[in-house]
Number of protein chains: 2
Amino acid sequence: MKKREVPASVKDERLVKKRRNQMIKGAITLFKQKGFHQTTTREIARASGFSIGTLYEYIRKKEDVLYLVCDRIYDEVRDRMEQAIDTRQGDLNSLKLAIAYYFKVVDELQDEVLVMYQEAKSLGKDSLPYVLNKELQMVAMFENILKRCVGNGVFHLNEREIQLFAHNIFVLGQMWGFRRWALKKLYTLEEYIEIQTKLLLEGIMKRT
Amino acid sequence: MKKREVPASVKDERLVKKRRNQMIKGAITLFKQKGFHQTTTREIARASGFSIGTLYEYIRKKEDVLYLVCDRIYDEVRDRMEQAIDTRQGDLNSLKLAIAYYFKVVDELQDEVLVMYQEAKSLGKDSLPYVLNKELQMVAMFENILKRCVGNGVFHLNEREIQLFAHNIFVLGQMWGFRRWALKKLYTLEEYIEIQTKLLLEGIMKRT
DNA sequence: ATTTAATGAACGAGCGTTCGCTCGATATTG
DNA sequence: CAATATCGAGCGAACGCTCGTTCATTAAAT
């Protein structure tokens, strides 16, 4: 006679969405400040604008909040990317623009990206692969652009080089987020984009 | 009337070192498995081979253990690097060797590096800068090699490009550690070193 | 005998989670 | 149109437990 087994499906969908959004927004604020582990469920409830009891009407475990947060952040990043990046063009310029735009997104969502990076590991065995897969999807966006470029003869890379290069772009973008303690002292975002693009595309050899 | 204020200075230096080493060794094992937050002080004590009471004879707070662990891991990585890398030569080959060796060290100390990466943020306001500084020292090793190369006319990079490139090498090394879930499916360590070196040095433009 | 090292039971703050209750809104009845 | 019954979102005190930390006691060393 489990009383509260599937509360969500019974409740009004609109309300559930609204409450979840409140939760995610409040939780992200807190996680940015103190991280997942240091944040208590009571704090999340308070920041969401309702009580601890109500919080548990919409989740089963504290970890569920983390999952919702990570999910949302990935969607946010991916949406912004898809909105602005053209993966079909396949010329050098659209690659440069994609890199620049991605770096800017990472910069805008610095805290969010940092949160995800530092806390994703705390996700359970089920949620983690789901989230990591979302990351691979984003790497695949760069892979696609690169493939088009190779197809158009802009440069030559084999399949495995493309994959690694896409990972590099992705990670060096994140680097702007998780190493800002060192990088912000040295570069503005624009400088970072410029130099990084140059290093990525031209390498260091044979330059005038 | 603080009784146990400075226990270390009173106790036998040899013993303190020995106990600390036991602690670090035990703690690293546990942190690798479960992370810092999920690891209990009692577990650390047990893994170190003594009791919870004894543990607190050699530290004041749980966080102290994390500090000791991070400190040790950095020293370990740096020692191995210094032991094998020649920063004075300044030719292309010694740069390649340095990259390859660094990547190998990251591979050997995968778990340790991962631990540090994921847990360093839990360090207090005092210890964190100290640890981050150790990281900058390692980046500086690559900067030195690069400077020598530039000095020898191997390639041309300005000061800021050198700094960023050094960060890139450092982070792309760590990438092998913290993105192994994706990368190990695609590359062996040797392949990773080879392709990454090529991409770093030659870039992607103008290749035959 | 005195000092130093080691111990682990005891403490208590803080945590995630639960569940009996409230109370306004809605539906039903007379 | 009341009067009444039903519903369920919202609530927060209370529970059970974990964990970091302490300290009185014992054992070992000098």
Side-chain angles (χ1 to χ4, degrees), chain A residues 1-23 25-27 30-31 33-69 119 122-124 127, chain B residues 1-24 26-27 30-31 33-69 119 122-124 127:
Chain A
M1 199 75 65
K2 300 160 189 173
K3 285 180 192 173
R4 290 152 190 270
E5 187 77 75
V6 245
S9 64
V10 178
K11 293 182 183 177
D12 179 39
E13 287 291 331
R14 291 241 174 283
L15 184 59
V16 173
K17 274 224 169 77
K18 184 182 151 196
R19 291 279 178 257
R20 287 244 162 104
N21 280 336
Q22 288 178 270
M23 254 179 54
K25 197 183 166 195
L30 289 167
F31 292 174
Q33 288 167 17
K34 342 173 40 188
F36 173 68
H37 283 293
Q38 320 292 347
T39 303
T40 69
T41 49
R42 264 166 271 258
E43 287 175 312
I44 296 170
R46 198 177 328 126
S48 310
F50 40 74
S51 74
I52 178 67
T54 303
L55 179 71
Y56 273 88
E57 295 286 331
Y58 298 95
I59 58 165
R60 275 164 306 169
K61 303 184 276 93
K62 186 191 177 189
E63 193 204 295
D64 294 347
V65 182
L66 182 58
Y67 170 78
L68 289 171
V69 164
E119 312 296 353
S122 304
L123 286 169
S127 342
Chain B
M1 201 76 62
K2 299 159 189 175
K3 287 180 191 172
R4 290 151 192 269
E5 187 76 75
V6 245
S9 63
V10 177
K11 291 182 184 177
D12 179 38
E13 287 292 329
R14 291 240 175 282
L15 185 58
V16 172
K17 275 224 168 81
K18 184 183 152 195
R19 292 278 180 256
R20 288 242 161 104
N21 281 335
Q22 288 177 273
M23 255 179 53
I24 291 167
L30 289 167
F31 293 174
Q33 289 166 18
K34 339 171 47 188
F36 173 68
H37 283 294
Q38 319 293 345
T39 302
T40 287
T41 48
R42 266 167 266 257
E43 289 175 310
I44 296 171
R46 198 176 330 125
S48 309
F50 41 71
S51 75
I52 178 65
T54 302
L55 179 71
Y56 274 88
E57 294 287 331
Y58 298 95
I59 58 166
R60 274 165 307 170
K61 304 184 276 95
K62 187 192 178 190
E63 193 202 294
D64 294 348
V65 182
L66 182 58
Y67 170 78
L68 289 171
V69 164
E119 312 294 356
S122 303
L123 286 170
S127 344

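Atoms considered below: every heavy atom in the structure, side chains included; atoms not considered: hydrogens, waters and symmetry mates. We name chains A, B, ... by the order of the sequence lines, and we start the count at 1 in each one.
Spacing between atom CG of Leu55(A) and atom C1' of dC19(C) amounts to 15 Å, rounded to whole angstrom units. Here dA24(D) presents its C1' atom at 13 Å from CD of Glu57(B), a figure rounded to the nearest Å. The CG-C1' distance, from Leu15(A) to dC7(D), rounds to 15 Å in whole Å. Per the geometry, CZ belonging to Arg19(B) stands 17 Å off P belonging to dT4(C), to the nearest Å. Atom CZ in Arg46(B) sits roughly 15 Å away from atom C1' in dT7(C) (whole-Å rounding).
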(request) Sugar-phosphate means primed atoms, P, OP1 and OP2; the rest is base. With that split, encode nucleotides 12-17 of chain C 5' to 3' as B, S or - using protein heavy atoms under 4.0 Å. (result) ---BBB
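Expressed to the nearest 0.5 Å, how far CG of Leu68(B) lies from CD1 of Ile59(B) amounts to 8.0 Å. Summarising the geometry, atom OG1 belonging to Thr40(A) is positioned 7.5 Å from atom CD1 belonging to Ile52(A); distances are rounded to the nearest 0.5 Å.
Within the structure, salt bridge (charged side-chain N to carboxylate O under 4.0 Å, His left out) contacts touching residues 35-54 of chain A (residues at least two apart or in different chains) are Lys34(A)-Glu43(A).
There is no side-chain donor-acceptor pair under 3.5 Å between Glu119(B) and His37(B).
Remark: the backbone N or O of Lys61(B) is paired with a side-chain donor or acceptor of Asp64(B) at under 3.5 angstrom.
At the phosphate of dC11(D), OP1 or OP2 sits under 4.0 Å from a side-chain N or O atom of Thr54(A).
Using cut-offs of 30° and 60° for the angle between ring planes, the Phe50(B) and Tyr58(B) rings count as tilted.
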